[in-house]
There are 2 protein chains.
Amino acid sequence: MGIEPGHDEALSRQIAERLKALRATRGWSLDELAVQSGVSRATLSRLENAEVSPTAQVLGRLCSAYGLTMTRLMGMVEDDFTPLIRTRSQPAWEDPSVGFVRRALSPPAAALAGEVLECELRPDARIEYPLPPRPALEHHLLLLEGALSLTVDGARHELVPGDCLRYRLYGASRFETPPEAGARYLLFIV
Amino acid sequence: MGIEPGHDEALSRQIAERLKALRATRGWSLDELAVQSGVSRATLSRLENAEVSPTAQVLGRLCSAYGLTMTRLMGMVEDDFTPLIRTRSQPAWEDPSVGFVRRALSPPAAALAGEVLECELRPDARIEYPLPPRPALEHHLLLLEGALSLTVDGARHELVPGDCLRYRLYGASRFETPPEAGARYLLFIV
DNA sequence: AGAGATTTTCTCATTTATGGGAATCGAGCC
DNA sequence: GGCTCGATTCCCATAAATGAGAAAATCTCT
């Protein structure tokens with residue numbers, strides 16, 4: 001079980017349609033997109049016709065060309081957005097190894113530019129991100145509780161509750177909490 | 001532009017780590033996951049070691065096995081990112097006549113698309129906006145405390161703390177609080 | 001209609017991912 | 001040490017995705 005035949009094709013078809021729509025919106029030709037993304041015309045044609053299943057690699061490149069995060073692309077593929085997200089239905093996930101919990105208060109949706117996350121970090125935690133999913137991603141981070149130290153492009157910032165940090169992400173970043181306090185914060189992403 | 005070397009590998013590595021963590025969390029062996037997902041042990045091994053880039057098809061099957069949407073998986077992979085500066089010299093604004101206070105947690109800036117407001121509304125208040133400042137303005141409203149009733153384009157929504165309402169403003173909107181409770185909420189505007 | 005240019009699809013060779021099975025590694029146990 | 005059992009990785013054949021260029025389809029003028 002767990003294997004559901006027919007889903008594969010459905011997924012491919014949905015991805016295909018979405019990619020086609022994305023390109024149509026920008027008015028790009030396959031050739032232009034090929035140059036922008038580094039993926040060949042032929043492949044693009046086959047992807048948009050659901051003749052093959054794209055690798056994560058080429059999906060990543062396409063997202064980069066379209067200025068999308070993979071999350072958002074998948075959101076476009078999978079969901080039609082519901083305006084009201086109730087507390088209990090907000091998807092959460094946890095990474096116990098680093099003491100990290102995040103909930104999507106306002107999950108990505110095709111029609112929306114922004115999304116909202118609530119994150120919790122335990123004391124003495126450290127998370128590192130080598131690169132943003134797409135350059136110039138805009139963040140507004142509001143620290144609700146605890147203490148948080150952020151390093152972005154080499155600049156380090158110590159936050160206390162109530163502080164709101166805005167920035168555009170181009171390079172590496174690091175999240176750290178001191179030994180004596182964790183952190184709970186809201187993240188608005190555009 | 002658009003093509004950024006190093007992103008491919010970074011993506012693969014992040015997917016690999018996430019898949020590894022997911023399997024570890026459930027305590028499954030490669031064999032078990034292979035049965036659940038319909039993807040071979042060998043492939044699973046290579047994916048978790050970032051030796052190859054998975055097709056959307058196998059990612060779909062893995063998500064199915066883990067009970068995740070692709071969106072969720074990508075959210076896990078891309079996580080959030082890092083921050084940069086700014087703090088809390090948050091200009092406040094008050095309108096006593098309707099019992100309304102708003103503070104700009106993240107004030108508008110030329111380089112940024114979004115802004116963050118914290119608003120407080122006293123009980124039994126009613127505010128009406130005939131038209132948005134600009135059409136298709138995107139709002140993500142997170143109710144922190146109290147109760148709030150919102151009418152957007154004729155659709156009315158009753159919010160309780162923790163709820164998040166997203167919408168694009170084209171027409172009129174109305175904010176109302178019940179007689180017995182005010183409201184405190186965050187507003188993310190794009 | 002027709003000629004020319006653009007966009008898309010198709011063909012074929014190459015690269016890459018995938019599956020099955022054998023080999024390797026690791027932890028317990030006698 | 002040697003043995004067994006489980007899990008993971010390696011090897012090789014197959015299937016699938018990708019790229020470069022040719023063919024086909026589509027569009028735009030006159």
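In this text the structure is predicted, and so the values were computed from the model without any measurement. Order of the sequence lines sets the chain letters (A, B, ...), proteins ahead of strands, with each chain counted from 1.
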> R61(B) has an atom CZ; how far is it from atom C1' of dG19(C), in whole Å?
Replying inline: 11 Å
>> Checking contacts here: which listed nucleotide (dA17(C), dT9(D), dT8(C)) is nearest the side-chain heavy atoms of S45(B)?
In response: dT9(D)
> Toward the 5' end of DNA chain C, which comes first, D31(A) or V58(B), by nearest nucleotide?
Replying inline: D31(A)
>> Just N and O in the side chain of T55(B): are any of them under 4.0 Å from OP1 or OP2 of dT18(C)?
In response: yes
>> Donor-acceptor check, side chain of D163(B) to backbone of V160(B), threshold 3.5 angstrom: yes or no?
In response: yes
> In whole angstrom, what separates L44(B)'s CG from dC10(D)'s P?
Replying inline: 15 Å
> Atom CG of L33(B) and atom C1' of dG6(D): how far apart are they, to the nearest Å?
Replying inline: 16 Å
> Tell me: CD of Q57(B) to P of dA17(D), nearest whole Å?
Replying inline: 7 Å
> Between dT9(C), dT8(D), dA17(C), which one does the side chain of L30(A) approach most closely?
Replying inline: dT9(C)
> Given the rule that I, L, V, M, F, W and Y join up when any side-chain heavy atoms are under 4.5 Å apart, are I189(A) and V101(A) in one cluster?
Replying inline: no
> What is the distance from CZ of R41(A) to C1' of dG21(D), rounded to the nearest Å?
Replying inline: 8 Å
>> Nearest to the side chain of R23(A), heavy atoms from C-beta on, is which of dC10(D), dA17(D), dT8(C)?
In response: dT8(C)
> Which is true for N49(B) with a 4.0 Å heavy-atom rule: it touches a base, it touches only sugar-phosphate, or it touches nothing?
Replying inline: sugar-phosphate
> Of the candidate nucleotides dT18(C), dG21(C), dT9(C), which contains the atom at the shortest distance from the side chain of T43(B)?
Replying inline: dT18(C)
> Just checking L47(B): base, sugar-phosphate only, or nothing, at a heavy-atom cut-off of under 4.0 Å?
Replying inline: sugar-phosphate
>> Which nucleotide wins on minimum distance to the side chain of E51(B), given the candidates dT9(C), dC10(C), dC10(D)?
In response: dC10(D)
> Can the ring centres of F188(B) and H140(B) be said to be less than 6.0 Å apart?
Replying inline: yes
>> Without decimals, in angstroms, what is the distance between E32(A) CD and dT7(C) C1'?
In response: 11 Å
>> Salt bridge or not between R184(B) and E120(B)? Use side-chain N to carboxylate O under 4.0 Å.
In response: no
> Which part of the nucleic acid, if any, lies within contact of S29(B), taking any heavy atom under 4.0 Å across all strands shown: a base, the sugar-phosphate backbone alone, or nothing?
Replying inline: sugar-phosphate
> In whole Å, what is the span from the CD atom of E48(A) to the P atom of dT7(C)?
Replying inline: 14 Å
>> Quick check for you: among dA17(D), dG19(D), dC12(D), whose closest atom lies nearest to any side-chain atom of R46(B)?
In response: dC12(D)
> Without hydrogens or angle criteria, can the side chains of R122(B) and T177(B) be said to hold a donor-acceptor pair below 3.5 Å?
Replying inline: no
